[in-house]
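Just so we're on the same page: letters track the sequence lines, and every chain starts at 1. The analysis underlying the following values was restricted to heavy atoms, covering all of them including side chains, and did not include hydrogens, waters or symmetry mates.
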Number of protein chains: 4
Amino acid sequence: MTELTAAAPVQWPHGKKCAVAFTFDVDGESPLLTTDAAYADRMGTMSHQAYGPLVGVPRLLDILGEFDVPGTFFVPGYTAHRHPRPIRSIAESGHEIAHHGYLHESLVGATEDTERAILQAGLDALHEVAGVRPTGYRAPMWEMNWHTPKLLAEFGFTYDSTLMDSDHPYELAVGASDSLVELPVSWALDDWQQYCFIPDFSGTGLIETPAKAIELWRAELEAMRDVGGAWILTNHPFLSGRPGRAAALRNFIAEVKAMDDVWIASMSQIAAHVRQQQLTPRTLTRPEFSPVPVKEN
Amino acid sequence: MTELTAAAPVQWPHGKKCAVAFTFDVDGESPLLTTDAAYADRMGTMSHQAYGPLVGVPRLLDILGEFDVPGTFFVPGYTAHRHPRPIRSIAESGHEIAHHGYLHESLVGATEDTERAILQAGLDALHEVAGVRPTGYRAPMWEMNWHTPKLLAEFGFTYDSTLMDSDHPYELAVGASDSLVELPVSWALDDWQQYCFIPDFSGTGLIETPAKAIELWRAELEAMRDVGGAWILTNHPFLSGRPGRAAALRNFIAEVKAMDDVWIASMSQIAAHVRQQQLTPRTLTRPEFSPVPVKEN
Amino acid sequence: MTELTAAAPVQWPHGKKCAVAFTFDVDGESPLLTTDAAYADRMGTMSHQAYGPLVGVPRLLDILGEFDVPGTFFVPGYTAHRHPRPIRSIAESGHEIAHHGYLHESLVGATEDTERAILQAGLDALHEVAGVRPTGYRAPMWEMNWHTPKLLAEFGFTYDSTLMDSDHPYELAVGASDSLVELPVSWALDDWQQYCFIPDFSGTGLIETPAKAIELWRAELEAMRDVGGAWILTNHPFLSGRPGRAAALRNFIAEVKAMDDVWIASMSQIAAHVRQQQLTPRTLTRPEFSPVPVKEN
Amino acid sequence: MTELTAAAPVQWPHGKKCAVAFTFDVDGESPLLTTDAAYADRMGTMSHQAYGPLVGVPRLLDILGEFDVPGTFFVPGYTAHRHPRPIRSIAESGHEIAHHGYLHESLVGATEDTERAILQAGLDALHEVAGVRPTGYRAPMWEMNWHTPKLLAEFGFTYDSTLMDSDHPYELAVGASDSLVELPVSWALDDWQQYCFIPDFSGTGLIETPAKAIELWRAELEAMRDVGGAWILTNHPFLSGRPGRAAALRNFIAEVKAMDDVWIASMSQIAAHVRQQQLTPRTLTRPEFSPVPVKEN
């Protein structure tokens, strides 16, 4: 088996020390509906999820606009169908919209044909609602199959943002001659773990303060400036759109904006920059292993 | 499908920036008994729940009285039957009593007739014990059905406080010509997630400090003052009635009382004020969706 | 049904404002063995539990001795059988030993005869190993049956420390003419929720800092001084016996010792004092309830 | 049954007050693959685990090198097979490599022959990849069988680091005439509980800040200096190798390095020192117990 190698550092524009992206997974109702259609009957839970596109998205767009910071919104196709106005307003405000499945479908065990149908459905919805053709993709629940990158290349995506094996973006080899830019994520840079509680669906009830979440993200950013990678934060509008959390995020964006060694960019801008560097693609391989045979007594 | 729209801001009385309500869900033994009648045999757990009406309610009434703050108590009918004196004392102290089911029944999958019977049983118990006829309702576990608002209107309720899709109260359309005032809640403004541990029933054991809980609630209130919505806190007397938590809540109420841009009111006062504004009702719709068909290999 | 009433405040000796007890549940291996005998095969887990009596108990005895503070140790009979020397040293150091089951058996669903056998086995073990005859009892997992108090009276116990419906100790009515002193506990005053992680048995992995645990306990104590009840802390030597936690507890005991309005006592001392007050016993009753019948569509 | 006794304190070199070891469990993909081979299909999860050897190990080696601190790396054989270069670099940098199973196999219920096969497979892999023959062992998930120490002695290991019943290292009796040095661990000194979230595998989502984790570890170290034992920290490169956590660990290592009463050493150095003291071996025994028979009504 070919040995995996770590990604090499990327040179950032204008001598900046690291790249920063504020990304938003606009899940809305979809993660619940794809898990069990009966969640549609729960008016309370559905209202909790609708808060994201209805209230969170406009509030977060205002904050991004206030600081002239480009955001990247990963939008399941169904969210666009159910909430067309807020999704359209993302595009109209000049922010990036990227692919996040149609109904936030789990790809665990999905066949290539199923994934192709999902990719097409998501593209159709985003085009129909917001007139956009995304260049980037992020798998729901940050989980995909070893065949997924090939499909993403087939559909003409430039970048993926699902994997977690690097601080530095890299070219991910797809077959012998193709590649995707990979913009890696990290569970420590996700608001779900800090804030999410949806009864009978997710979370134990733990709801952290905004100050604690920001402390966590700041610690990673301070260190990433020394490491030189890309610090990619993922927020969910149904969570971080709440007043106290949005206010804390706003203040943190102000802090980051004031750092002169940091390049704040959209994901497609980062991907385009990485592509220009003509990096040697990394080949990732499925682990092969032989368990030690169990001998019976 | 008609597109959902976000609720518009409400003008508050006397130029106040936001509304504040301190609400209490006086669950007592009921959430456990409705889940499994065998909990009645657990003397320890039952004593833990009885702390709410027996000790928590009088202590919280004292605190509200000290600061002349109106409270709103959502009381399952069974709590009133089992603990009539503390429930009566809520009314006698001039605070509002609202409907919270009879035995804190889950409404997931409940038919209209079942819900009608529960609504009637709760009304009967509250009238019998405390001589009140509540104008407000909050569904147990903050979960209801798409048909529930119609039933609430049928029973003559003015407001509901179950949904989570807005910072601003709104008129919720019920059929073509009727409406309910909705006073929305938020999981971040609930003490259950911070304090609740009931073995074999709820919680992982996480018990936060009162200082942490207050920090979370304060962050949301500070931000809500800018947003202009209604900040509605939910405490459970069996949790927040404990000495250290009640003391922290008391100090926080003193803080809030000293904010001159905040309107502290009971839920029915807020609902009456919202109703006066003659807002256009919002129509909420059950999500309709077509999953991407899975193609077999 | 007779209405429950809250316990009235107790007058404390020498005009002190509240009573304080440092109690220790010396569970050792027993809670695991009673759940599944196969835990006995796990050498790692067994070593984790043995830390309590082997290392935690002597360390905690040193701390209590340093400040001349009386401790109360609830010891399952099996802990005494497996670890006789540390259990004997508790008694030799002048601290109280109380009953905590034989193998930390769950009483959920237990018959009276089973409970009698457990009570006898625990008494036999504590007498055999440490020469003591405890006057107090605490049910494992703080859970007992409505018939348990009668059995405790039958066996001649003076007090129980299992229930959670009061800040103030009280006389718990047993039948028409007998009673037990109840010294109530609280989940917020238990180190298990702050520190415990035993893979495949308890905990999600959450391990809090000693500073956080002490902050929680201090908040409750400060408030209990105003309330005038009994602040009863429960620590487990296999958890709070670890160096950092024991050091934090030591510093906190020094703090409490310096409070001149607090009566630090053993549980049996508190129980004897409460008994002297000749309080009217409280009658606790099993909840009776009639669920709203579900009507089918 | 022979009574267990606590381990006596060890005298540390040069009058130091306690020993300190920074250890790293380089699990990589193995804990998931041994649980369910289907995890190999999850490209996202596999990338999350690969971060450990690919990115975490080099970063942590740099930090250890900066402060000239000897590290001890417990490496499952499969991690060495899949990631030979980083594992080789551990040895080349002069740090210790120890045994941690082949595929991080659970030993719960494993027979002696199965364990022998695993021990051999791990030894073979570490020798093949890094040219080393470890003298130390730590069981995966810190769980082993009562027969495991005998097997470790049979394979010539000097020390084990799996048990949790002591602050002080000790000689663990193996049969009548042999022994292993035991270097005990503690769940409070493990980064897994603070940082780990792997969907569908481990964790509830709780992700603590590096500052909180360090606060916990510092509290235990401060106290261990007084206790005089060995403070053994366990970090996982896939967790603590992340930029913010590694930076916090680096600063903490700088702090510890500046303590002049602390002996920082590799695990094999500590084991060799303990062996020199010719301590009387402790005999640990499986708990034997007779449950109280349940009498039916």
Side-chain angles (χ1 to χ4, degrees), chain A residues 1 3-7 107-109 139 141-149 162-168 182 184 186-188 190 192-194 196 202-204 206 208 212 215-227 229 231 284 286-297, chain D residues 28-30 33-34 37-51 53-55 58-59 77-78 81-86 101-103 105 110-114 116-118 120-122 195 197-200 203-212 242-248:
Chain A
M1 113 183 121
E3 179 163 8
L4 277 67
T5 51
L107 300 186
V108 176
M141 292 170 288
W142 302 4
E143 190 56 85
M144 63 187 186
N145 295 302
W146 297 93
H147 60 235
T148 306
T162 302
L163 301 180
M164 292 173 268
D165 62 351
S166 180
D167 302 319
H168 306 293
E182 178 64 34
S186 158
W187 292 120
D190 183 351
W192 192 289
Q193 280 65 52
Q194 306 303 317
C196 190
S202 182
T204 62
L206 176 79
E208 297 285 23
K212 188 262 177 162
E215 181 192 333
L216 178 61
W217 302 336
R218 184 188 291 114
E220 287 300 324
L221 176 56
E222 291 297 342
M224 193 63 96
R225 290 159 83 179
D226 290 330
V227 164
W231 180 93
L284 301 187
R286 185 180 177 286
E288 303 299 330
F289 60 101
S290 314
V292 174
V294 172
K295 297 170 191 166
E296 301 289 336
N297 256 346
Chain D
E29 297 89 345
S30 63
L33 299 179
T34 191
Y39 282 114
D41 295 328
R42 298 195 178 203
M43 192 184 187
T45 302
M46 290 298 103
S47 74
H48 182 259
Q49 298 308 109
Y51 185 95
L54 292 177
V55 182
R59 178 167 296 146
Y78 180 68
H81 275 153
R82 181 153 169 90
H83 303 285
R85 257 176 298 187
Y102 180 73
L103 199 64
E105 294 88 351
T111 64
E112 294 192 12
D113 277 356
T114 298
R116 279 193 190 93
I118 292 168
Q120 193 57 56
Y195 298 145
F197 174 59
I198 305 173
D200 301 330
T204 61
L206 176 79
I207 297 181
E208 297 285 21
T209 62
K212 188 262 178 162
R242 294 271 165 193
R245 297 166 188 161

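Heavy-atom minimum distance, A:Arg286 versus D:Ala40: CG-O, 3.4 Å. The two atoms that bring A:Glu3 and D:Pro86 nearest to each other are OE2-CD, 3.7 Å, heavy atoms only. Minimum interatomic distance between A:Asp167 and D:Tyr51 (heavy atoms only, all atoms of both residues): OD1-OH, 2.6 Å. For the residue pair D:Val55 and A:Asp165, the shortest heavy atom distance occurs at CG2-O, 3.4 Å. Considering all non-hydrogen atoms of both residues, D:His83 and A:Leu4 come closest at CE1-CD2, 4.4 Å. Here the closest non-hydrogen pair linking D:Gly44 and A:Leu163 is CA-CD2, 3.9 Å.
A salt bridge is absent between D:Arg82 and A:Glu288; no separation between the charged side-chain nitrogens and carboxylate oxygens falls under 4.0 Å.
Under the 4.5 Å side-chain criterion, counting only non-hydrogen atoms from C-beta, D:Glu208 is in contact with A:Glu208.
Residue D:Glu105 touches chain A through its side chain alone, counting heavy-atom pairs closer than 4.5 Å. For chain A, the nearby parts of D:Ala37 are the backbone and the side chain; heavy atoms of each come within less than 4.5 Å. Contact of D:Phe197 with chain A is made through backbone and side chain together, with heavy-atom distances under 4.5 Å. With a 4.5 Å cut-off on non-hydrogen atoms, A:Leu206 touches chain D through its side chain but not through its backbone. Both the backbone and the side chain of D:Leu33 come within contact range of chain A, judged by heavy atoms closer than 4.5 Å. Using a 4.5 Å cut-off between heavy atoms, A:Thr204 touches chain D through its side chain atoms alone. Residue A:Pro184 does not touch chain D at all, counting heavy-atom pairs closer than 4.5 Å. Both the backbone and the side chain of D:Arg245 come within contact range of chain A, with heavy atoms under 4.5 Å apart. Contact annotation for A:Ser290: only backbone heavy atoms (N, CA, C, O) come within less than 4.5 Å of a heavy atom of chain D.
Side chain of D:Thr209 to main chain of A:Leu216: no donor-acceptor pair is present (N/O by atom type, distance under 3.5 Å, no hydrogens or angles). Not a single donor-acceptor pair under 3.5 Å links the side chain of A:Glu222 to the backbone N or O of D:Gly244.
Between chain A and the residues D:Pro84, D:Gly101, D:Ala38, the most heavy-atom pairs under 4.5 angstrom are made by D:Pro84. Ranked by heavy-atom pairs shorter than 4.5 Å toward chain A, the options D:Arg242, D:Glu29, D:Met46 are led by D:Arg242. Most heavy-atom pairs under 4.5 Å with chain A: of the set D:Thr34, D:Ile118, D:Thr45, D:Asp41, this distinction falls to D:Asp41.
With values rounded to the nearest 0.5 angstrom, D:Ile207 atom CD1 is found 8.5 Å from A:Trp187 atom CH2.
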